[in-house]
Every structure is written in C-alpha cells, then in structure tokens.
Amino acid sequence: FGFCLFLSRLIFGTLYPAYYSYKAVKSKDIKEYVKWMMYWIIFALFTTAETFTDIFLCWFPFYYELKIAFVAWLLSPYTKGSSLLYRKFVHPTLSSKEKEIDDCLVQAKDRSYDALVHFGKRGLNVAATAAVMAASKGQGALSERLRSFSMQDLSTIRGDSSSTVPPSVTVRTSSKQSQPKTSRSASEGTGSSGKC
C-alpha cells in the first residue's frame, strides 16, 4: 500500500506537473508558466517540510493519504491550491524577507567557496606528500637496479637497441660471461705463478 502511495505521489506530484511545465514553456503561455512556477515553489516548500514531518507525524492516522490529498489539492485547477498558498503566504513572506535571504545566500556562497579552496589546498598537499613519498621509495629501488649495471652494460643497451635480443637479456649475458672469465684468468694466473 505504501508503494502505491509513493507511486501516485511520484506521478501526480512530480511527473504530471513536470510535463505540463514543459508544455507551458514550449507554448510560451505566460499565464500557464506562472501557474506552474507557483506550483513548483509550493511543492519545494512542501518537500522540505515533509522531511521533518515524516519523522514526527508518521504515526498519525492517514498521514500518507493526507499528503497525497494535499498534492492533489495543489494540482487541481478547481481549487488552485498552489496559487492560493503562494499568493496568500509565500509571496508576502518572501517579499518581506528577500534582502535577508539574499545576504544569507551570498554569505553561504562565500563560505562554501572558502571551504572548497581550503579543502582543495589540503587535498593537494596530501596528494603531493604521497607522490613525493612514493617517488622517494621508487627512486631507491631504481637506484639499486641501476647499480647492478656497469657503464659498459648501459652503453651496450644503447648501442644494441636495434638487435633482436632484448636489452635485459644482453645485459645479463654479458655480465655473466665477463665474471667467469676474469675469475678463471685470475685462478690460472695464481696457478701458473705457483708452478714457477
């Protein structure tokens, strides 16, 4: 039953007025345009009030049915509920408080801009710190990797870039071959000096 109430409110309270607002804008009929603008102002106020009344009055018998009836009363061309509420209550109240509301909105906009800049700077500082830490950790690993290469191996990588063997294979092969030769020649040299 609650879903049916929700669906009827969605259709009659939002989609139906939205479609007729579109038709009013398309036809450029000022009278219809003003009528639907008044409805949307009242509906926005109703939705805001409903957020709080749902918490405190949901236990009230027929509460949800009364909300649907209220939306139907706002929409009805016979009762002209939204026009009546707008002209009797909303327009006079907003007209008398317009300056204060505008000042509050300007202050809120400035504060939100300052907060956005503050949190943006803070976020950039955190991101920069994380990037520097990652780079310093990565630099240590890179320098260890580069230390394993000799200058001859690095020049071989540059010179043999056109060869079919990948550079990492060339580097490993040349470094492994050069080490056993020097160890053999050193052992042969000590062995030959021992014989003499």
Side-chain angles (χ1 to χ4, degrees), residues 1-139 141:
F1 183 69
F3 180 72
C4 291
L5 288 173
F6 169 76
L7 191 62
S8 63
R9 180 174 175 245
L10 178 69
I11 291 170
F12 294 111
T14 307
L15 295 176
Y16 174 82
Y19 180 71
Y20 276 94
S21 298
Y22 154 76
K23 289 185 73 111
V25 170
K26 185 179 175 186
S27 68
K28 298 179 183 173
D29 183 1
I30 300 297
K31 189 176 178 182
E32 284 294 305
Y33 189 78
V34 168
K35 177 180 114 176
W36 288 112
M37 285 300 293
M38 286 189 277
Y39 170 80
W40 286 115
I41 293 168
I42 297 298
F43 189 75
L45 293 172
F46 167 68
T47 305
T48 304
E50 173 185 46
T51 305
F52 301 105
T53 58
D54 281 354
I55 297 169
F56 301 111
L57 297 177
C58 63
W59 57 268
F60 192 75
F62 303 110
Y63 172 69
Y64 294 102
E65 290 83 357
L66 288 171
K67 285 191 340 183
I68 297 298
F70 179 73
V71 170
W73 178 75
L74 290 176
L75 281 173
S76 174
Y78 303 108
T79 60
K80 298 181 181 178
S82 58
S83 177
L84 178 74
L85 287 178
Y86 180 81
R87 292 177 198 277
K88 291 260 184 193
F89 301 106
V90 176
H91 185 76
T93 304
L94 289 178
S95 293
S96 65
K97 305 283 185 191
E98 189 172 359
K99 177 82 170 108
E100 291 88 353
I101 294 170
D102 287 342
D103 290 342
C104 286
L105 289 175
V106 167
Q107 288 176 3
K109 188 171 78 171
D110 291 342
R111 286 181 188 157
S112 64
Y113 177 76
D114 291 342
L116 182 67
V117 168
H118 173 72
F119 286 119
K121 285 180 182 178
R122 202 177 213 183
L124 286 175
N125 286 339
V126 169
T129 304
V132 166
M133 289 178 71
S136 66
K137 287 179 183 177
Q139 184 180 12

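Just so you know, residue 1 is the first one in the sequence shown, and it goes up from there. Values reported hereafter were calculated over all heavy atoms of this structure, with side chains retained and with hydrogens, waters and symmetry mates removed.
- Sorted by first and then second residue, the side chain to side chain donor-acceptor pair (under 3.5 Å) pairs with a member in residues 25-35 read E32-W36; sequence neighbours excluded.
- A ring-centre distance under 6.0 Å is not found for F56 and F52.
- Surrounding CZ of F70 are more than 12 heavy atoms belonging to other residues, nucleotides or ligands, all under 6.0 Å away.
- Note on residues 95-128: no pairs pass ring pair (Phe, Tyr, Trp, His ring centres under 6.0 Å), not counting sequence neighbours.
- For F89, the ring-ring contact (aromatic ring centres under 6.0 Å, His included) criterion is met by no residue, not counting sequence neighbours.
- With sequence neighbours left out, K99 forms a salt bridge (charged side-chain N to carboxylate O under 4.0 Å, His left out) with D103.
- Nearest heavy-atom pair across S83 and M38 is OG-CE, 3.8 Å.
- Applying the side chain to side chain donor-acceptor pair (under 3.5 Å) definition to pairs two or more places apart or across chains, those involving residues 39-56 are R9-E50, S21-W40, E50-K67, T53-Y63, D54-Y63, D54-K67.
- Within the 3.5 Å criterion, the main-chain N or O of I11 finds no donor-acceptor partner in the side chain of T14.
- Going from atom CD of Q107 over to atom OG of S112 covers 11.5 Å, rounded to the nearest 0.5 Å.
- Applying the side chain to side chain contact (heavy atoms under 4.5 Å, CB included) rule to Y78 yields the partners S76; only residues at least two apart in sequence or on another chain are considered.
- Note that the CE atom of M37 and the OG atom of S82 stand 12.0 Å from one another [nearest 0.5 Å].
- Once rounded to the nearest 0.5 Å, the distance linking NE2 of H91 with OG1 of T93 reads 10.0 Å.
- Considering CD1 of I101 and OG of S96, their distance stands at 8.0 Å, rounded to 0.5 Å.
- Looking at L85 and L74, their side chains come closer than 4.5 Å, going by heavy atoms from C-beta outward.
- Among residues two or more places apart in sequence or in another chain, the side chain to side chain contact (heavy atoms under 4.5 Å, CB included) test is passed with L84 by W73, K88.
- Listed here is the closest heavy atom pair of L75 and P17: CD2-CG, 3.6 Å.
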